[in-house]
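Accompanying notes for the structure given below.
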Amino acid sequence: MAKSWKEWEKPVLELEDTIKKMKSLVDAEPDPVRRKELADRVADYERRRDAYLQTRYSRLGPWEQVLIARAEPRPYTLDYINALFNDFVELQGDRKFGADHAIVGGPALFEDQPVMVVGHQKGRTIQERTQRNFAMAKPEGYRKAIRLFEMAERFAMPVITFVDTPAADPGVESESRGISEAIAASMLAMFELTVPVLSVVIGEGGSGGAIGIAVANRVFMQEHAVYSVIPPEGCAAILWRAPEKGAQAAAALQLTSDSALRFGLVDQILPEPFGGAHRDPSEAAKTIREVLRAGLAEFGAMSPEARKAQRAARFRSMGEVLAASNS
Amino acid sequence: MAKSWKEWEKPVLELEDTIKKMKSLVDAEPDPVRRKELADRVADYERRRDAYLQTRYSRLGPWEQVLIARAEPRPYTLDYINALFNDFVELQGDRKFGADHAIVGGPALFEDQPVMVVGHQKGRTIQERTQRNFAMAKPEGYRKAIRLFEMAERFAMPVITFVDTPAADPGVESESRGISEAIAASMLAMFELTVPVLSVVIGEGGSGGAIGIAVANRVFMQEHAVYSVIPPEGCAAILWRAPEKGAQAAAALQLTSDSALRFGLVDQILPEPFGGAHRDPSEAAKTIREVLRAGLAEFGAMSPEARKAQRAARFRSMGEVLAASNS
Amino acid sequence: MPFRRAAPSPGAFVQCANCRKTLFAAEFQANLKVCPHCGHHHRLLWDERVNLVFDEGSFTETDAELRSADPLGFPDYAEKHAQAMERTGLSDSVINGTASLQGQKVSISVSDFSFMGGSMGSVAGEKITRALERGVSERMPVIIFCASGGARMQEGLLSLMQMAKTTAAVESCRSNGIPYIAVFTDPTMAGVLASYASIADVIISEPKALIGFAGARVSKQAGVGKVPDDFQTAEFLLKSGMLDRIVERRNLRSTLASLCRMLGGHLMTEAPRG
Amino acid sequence: MPFRRAAPSPGAFVQCANCRKTLFAAEFQANLKVCPHCGHHHRLLWDERVNLVFDEGSFTETDAELRSADPLGFPDYAEKHAQAMERTGLSDSVINGTASLQGQKVSISVSDFSFMGGSMGSVAGEKITRALERGVSERMPVIIFCASGGARMQEGLLSLMQMAKTTAAVESCRSNGIPYIAVFTDPTMAGVLASYASIADVIISEPKALIGFAGARVSKQAGVGKVPDDFQTAEFLLKSGMLDRIVERRNLRSTLASLCRMLGGHLMTEAPRG
Ligand SMILES: [Zn+2]
Ligand SMILES: [Zn+2]
């Protein structure tokens, strides 16, 4: 069982190192024939790298998907906000208790249209990770989100959310301030909206912490994101008293994008540049841009009542039950 | 300057002591003539007591009004709830942070009609006073009130509030959890209501802490209650750097019920049994019952939109301004 | 479905799970499974709960035909589920129905912790949703008795989505003026607490019930401050503003009846619909 | 009313109220009264504020005819008020108007602390209310700059009622889709903070502004816990979730313009009314 996404990216990193060195040789080579030869070899190496990435990423197992969904170089919410929106003004207060940096949000322009953006935010440096509590939001994070959702409704702004959290914060303080109520109230607030709501699962869709801001008219999921009712390690701990069996649990939980699509729980998988979104963030953003544009057009054309009803109906249909013939 | 309402009630208490003793003499007296004589004297003492109370309470100065409004034997919110309503079920949670016992509230039946009752609650024992923080509500008290107002709206229940607080809690914790926001949001929630809202100022109408739950279609004020923008001691401290000049400040602030009525800031003064509501709580409750009944009938007959508009218009008209002829 | 269980045999004993005192089973049962010594409220089976609260003979089960589908083919799930059905005589962790409460008709849903820890998969989520929707369509208050360890992980993401689905049904109650009262019983946890349970109009809990988002061990590891002695108990949640009141079992019926009468008052007087 | 004040005489000096360094008055003025050494944001007069934020020459004053009435005949009030008018050239603590912000028309209200501590009596309450109502009637965003010690006690209960009156006007903005942005400047206190100021859609503060419900001395006496060093500063309120952001004076114009453009976007595209 792999411990990090770096394990299978090691050959790539080595290849890229070689390519880089050879490229400097190409530049330095005076003889045109010899230069051509070297350039061909570089191109060959690049093809090999691409082929490897394409093969490797097309057959990632569920556990490897978990690892890549959690990978630090993966683009985070603020990366996409910077790439996709203009004039983002972050609004911080929940107006009740505190400022939670595990969820960011505020108004922004998407192709000149005002929208309200809300998303979980991880950190890259140790300091930022601590400040953002590893994107594990506390009650005040969800209450800030609620405030922004309600503001969007008042000003007829579509809502766009980015989902990327291991889980909601489970600490003693979060319990005492009602983390459960905050998550439930956030979902409730999203069901009350009559503006269009679009969500994109960009990394870890971690249980209640994720669904708390993912009650949308349409939910997109990036190819290598995961979405799960419980972290695989937690599942393994409960089922087999063996948290290290996370890989087995990941397989059992079917937490990958293709499973979520198959069960009708997300609406569309967003293909990532091969080798993952982190290899080409602007290409990944472009894909998101296109589905957001289409989604805003589609739901923008609906009546407010129809948007609210569609959202409720979308979730109403979820679940697989049988009916006993005689009861 | 009196320090306590007991100062002018001392002669009454002495008289009542005498009356009590004489009554036992009457009962013990075998001779009918002598008994008649004694009984006449008792009646005479009672007349004198009543006359004293009536005179004394009809000419209480502003500062004495402040003292009586704060007096411990005065009926508090829960006393009136018990006297006026059936089936009161106290609901405690603000669903955000805590349970504040300085404000109580919940659904109850008023003459078989479901209503939502909310009020500041003082304590009589030292223990209860501490538990209720002297009726100085924290943010969670106002947020509980907001929750109850919104619930009343969902279930078409009229709202009745009882106002009796020296002030909102000014402590460091209340500041950090947004006592100002909580008061403002509570007023806002009351302006949003389309159900009838009636308020009764029963004791101390203490500045922001009071108006926070007093945004009603009709505001009643008991005869000996006070309603002020600032406690007189605080006013004296600011104006004259002499908190002990509370009596002067009380006069300057015009915080009595007749002033409030004269400025059109309350709609009706509720006469109290002579000697104050505490001398006959059930009589005081009866007066409140009648105005509540009339108020519910009057506003119950209005449309929801008209009720909301009347409430906004009521407060819109408050304030005394002049217009300069040339500007 | 067996509705009234057999009375305990005369002379049988049980032990209080809290104070460990030995009690006559019949007396224990007669005392609503509340220990006469320490007041501990032991867990009730779903039908004991129904008998405790609602008018005698007024309960009619609904949605009984729903069965779990094992959509993921999750390891051992089909087996465990079949065993639970066998052992409890129930088809899943939630039982729906209508009943009357001091004469007022209500839509109810009762979780039974003895069925796979009361966990919420597609069937439980569908039933909770239908109980709330029935309140809306038939204009009556909804009472849900919670007893659950959380979402049922064996149904994966489908279970997580039940959180949203049930919340949508609560939204429908709220926007249609239907009162919804939640009663937390021991335990009310995780995905259930973080969805329909916590957004009821009124929340009541039985004394000492365990109520929380995360397992206590996880919370304590995650927290930096000290852990209160009563952490994740009903008493802790009351202080934290998450509950409206803690009601002893013997007063539950009258409290719920008062609340339904008052919050549902407008349903009595409104013009009949469609 | 004098709109542009005279420039400071060349060579004049001022002292920073925070770091006590001596500054050239002209430089200080050019730097928007922000100390170049310590970044301290000194209080602005109302017209300096308007010049700082809005498009040049776009300000038109409204509601200038309103005058205080001394309804209580409060000791010394008439005198103090007359002196304040004399000293400041203002008629009361709040100045209303319309202006444009990067071309977008907005309704504005500016409190000036130099007039009786920016306190809110009937005139200030009426003006705040009208600025908000003008936003509703003319379909434009509202920006209110707060600078106030609280309610004006010399108008007694009438001042307290301004809290409710202004809140009603905020409610009208909210239910009519009119964005309302509050800018807290040093100081924003008491009855102003506990009414219209705290329920703006977006709340911005200048750095280090004093913001609080009660006087710091009262708070400290009332509290049991320890008092944070930054108690009742903008930075404290940001951490407490009461503000959306702290914006330096030089960025205020662009932040406000962005917000008005985005939150008021629907006002641009809607069909013209009445
Ligand atoms: Zn026991
Ligand atoms: Zn300085």
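A note on names: the letters A, B, ... follow the listed sequences, proteins ahead of strands, and every chain is numbered from 1.
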| query | Can you name the closest pair of heavy atoms from C/G265 and B/P114 and give their distance? | reply | CA-CG, 4.2 Å
| task | Examine whether an atom of C/S175 lies under 4.5 Å from a heavy atom of chain B, and if so say whether it belongs to the side chain, the backbone or both; otherwise answer neither. | result | neither
| task | Considering only heavy atoms and a distance below 4.5 Å, find which of C/L237, C/L267, C/L243, C/I204 pairs most often with chain B. | result | C/L243
| Which atom pair, heavy atoms only, marks the closest approach of C/R245 to B/E90? | NH1-O, 2.6 Å
| query | Among B/D94, B/N86, B/D100, which has the most heavy-atom pairs under 4.5 Å with chain C? | reply | B/D94
| remark: Per side-chain contact (heavy atoms from CB on, under 4.5 Å), B/V89 is matched among C/L256, C/L259, C/V202 by C/L259
| request: For B/R129, look at atom CZ and say whether over 12 heavy atoms of other residues, nucleotides or ligands are found less than 6.0 Å away. | output: yes
| C/L238 versus chain B, heavy atoms under 4.5 Å apart: side chain, backbone, both or neither? | both
| Charged N-O contact under 4.0 Å between B/R95 and C/D244 | yes
| query | What heavy-atom pair brings C/D201 and B/R147 nearest, and what distance separates the two atoms? | reply | O-NH2, 2.7 Å
| note | When every non-hydrogen atom of C/R261 is compared with those of B/D87, the smallest separation belongs to NH2-OD2, 3.0 Å
| To the nearest 0.5 Å, what is the distance between CZ (C/R174) and CE (B/M151)? | 8.5 Å
| query | Quick one: are B/R154 and C/L263 in side-chain contact, heavy atoms under 4.5 Å? | reply | no
